Amino acid sequence: MNRSALQLIVLAAAVVGAAAAATVVKPSTLKVIPQPVLVQMRPGSFHLRPGMSIVVTAGKPEARRVGAYLANAVAAPTGWKWKVSETAKPSGRHDAIALELTQDDGIPGNHPEGYALTITGHGVRIQAATAAGLFYGVQTLLQLLPPEIESSTLEHADWNVPCLRIADYPRFAWRGLMLDVSRHFFPADFVKRYIDRMARAKLNLFHWHLVDDNGWRIEIKALPLLTQVGAWRAPRLGRWGQSEPVKDGEAATDGGFYTQDEIREVVAYAKERFITVLPEIEMPGHSLAALASYPELSCTGGPFHVDPGTSFYAKVDNAFCPGNEKTFEFIDKVFTEVARLFPSEYVHIGGDECYKGFWKTCEKCQRRMAEEHLANEEELQSYLVRRAERILESKGKRLIGWDEILQGGLAPNAAVMSWRGMDGGIAAAKMNHPVVMSPTGFVYLDYYQGDPGLEPTTFGRLPLSTVYKFEPVPEGVDSRYILGGQANLWTESVPNTRHAEYMTWPRAFALAETLWSPKTSRNWEDFMRRTEAQFERLDDAQVNYARSVYDVAITPARDSSGKLTLRMSSEIGGADIYYTIDGTNPDSFMMKYPGAPVTVPEEVYVVKAVAWRNGKPSGRVLSILMRDLIARLPRPRS
Ligand code: ACM
Ligand code: ZN
């Protein structure tokens, strides 16, 4: 799906040539994310008005639906009720927004999601070969409008858009975002809002992590206990991973699930936004919620409880028994209903982090290994995944799984989602299997995005600037096998919807740009300028987001003489950092961080630091005890 440099040059020449007479304004005035492939500013602007119409290519219901989406998107903040009408040739109408489906959209190679957007003093024209392209043109148009366009209540704003021509298409076909709804359950209405924001950023794949040890979230009519039992756990308020195990007789009151009607609604909602919903049904590990419902599918027989957030990497029996035929009957029943509910080409079967210890002592598992000539438990896992693939294929679906599905041999047609770095993806691509890159080091949105001293408790570390460096195609890999990339929001440390938004934005903007825009157009400073503009839009949309880029992070180290040094950094450009070591609050009259690590005596009790920009504090004051800083030092190897 990647464009060659030659195509880009040809397109650039065509667009520049067509408008040689126009006064070219620097495209850096636009605040669109992801950065479009080609932007050519022209003088003037077009004023949108109440009585305008949206004119779409006649006889194309999919174009009409995009028109209705646009009319609906502007209705609340403007109060306008734009009508959608059809005509054989929508272009050239004055005072209209033309959505034209045409093979002649000027996008090289007729890219399936490409579009051309032209705004003149007379109107707006979006041309695309597909309705998806029209939709992305509409998204760009919405981003050209003032931030108030995101409001759900009536606003007074200058509804102007600049005259320009944009030619645009994505670098990758798979632009994904995963939401874990097992560790914490998020209602369907929130999932729709999440999908709305994905659409704004031209992300097109919503990976729904529907089941795990901590809750089964999808109604399966043939297996009612999955949601009667598996969707509920004992309530806990403590830190995830350290919760008390379930006590005898304790009621399971915390949780929830989606009915099949709700699933269909979300899938249809996503489809209207050109977003594919990829369901994930975990196996063989991470399956405690299923086993709590049907313990006979385990090696040990249970009984089990849905896990309320205890030590989740413990060696517990949370895997299906691949020696038991009932496991495959279960998988068949689940996939039968999943395949009907989700139109996606793929179903994700998980496959990660399966503790196989109980298989070693299970008679059924050992018998299966002997009968199938499987050399070890990895091959037993591969046996299960291959059978899962055959079941899925019998229902018209393809299998995708986390990179552990490579262990013991990859199923014949499987796609691999590489999360433990890129190596699994590289190995799969070298075997000519499709790959989605989703490495922890670049796209794990559950990780801290700023200094842990300022952020709600989680683990790992993934600042915005690191997401912006995500490159899904490693050196030496045939890019045709890299479908694209995806960020994952695991929700162990995400107990509510506001925090899910906080962990997602702005990092998913960086993701969107790395997956849509040409690699050559990446520019961190310009991305931050546009991200700051997007913050205003999120404010109007009442979507939460992290302002961690404005804060200071402190990294301790020891210099060659063993002295403690502190490196202070802020991701936002043009900021100065001020700090204190005497417990007082820092401001711009205090010590200025010189830009290189400073030595701080260890008798200091607390270090405080804040970034200043444009004469004011840009973010929060980081206050951190020296003993906590020392605890951050890498432990000496023993
Ligand atoms: C994963 O993060 N365990 C796929
Ligand atoms: Zn077993």
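Just follow the structure's listing: the first ligand is 1, and inside any ligand the first atom is 1. In this text, all values refer to a predicted model and were calculated from it rather than measured experimentally.
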Q. Regarding Lys192 and the six-membered ring of Tyr269, is the cationic atom NZ or CZ under 6.0 Å from the ring centre and inside 45° of its axis?
A. yes

Q. Hey, mind stepping through Phe320 and Phe328 against ring pair (Phe, Tyr, Trp, His ring centres under 6.0 Å) and telling me if it holds?
A. CA-CA 10 Å; Phe320 290 107; Phe328 297 96; 9.2 Å; no

Q. Quick one: does Glu353 get an N or O within less than 3.5 Å of an N or O on ligand 1?
A. yes

Q. How open is the angle at the Zn ion (ligand 2) from atom SG of Cys365 over to atom SG of Cys362, rounded to 10 degrees?
A. 110°

Q. Would one find more than 12 heavy atoms of other residues, nucleotides or ligands at under 6.0 Å from atom CZ of Arg340?
A. no

Q: Answer yes or no: is there a side-chain heavy-atom contact under 4.5 Å between Met369 and Glu377?
A: yes

Q.
I need the atoms of ligand 1 closer than 4.0 Å to a non-hydrogen atom of Trp490, numbered in the order shown.
A. 1 (C), 2 (O), 4 (C)

Q: Return yes or no for this condition: an N or O of Trp402 is under 3.5 Å from an N or O of ligand 1.
A: no

Q. Looking only at distance, does Trp419 have an N or O less than 3.5 Å from an N or O of ligand 1?
A. no

Q.
Suppose I only count heavy atoms of Tyr444 and a 4.0 Å limit; which atoms of ligand 1 are within that range?
A. 1 (C), 2 (O), 4 (C)

Q: Locate the shortest heavy-atom distance separating Leu410 from Arg386; write the atom from each residue and the value.
A: O-NH2, 3.5 Å

Q.
Taking the side chain as everything from C-beta on, heavy atoms only, tell me whether Leu341 gets closer than 4.5 Å to Ile218.
A. yes

Q: Would you give the angle at the Zn ion (ligand 2) between Cys321 atom SG and Cys299 atom SG, to the nearest 10°?
A: 110°

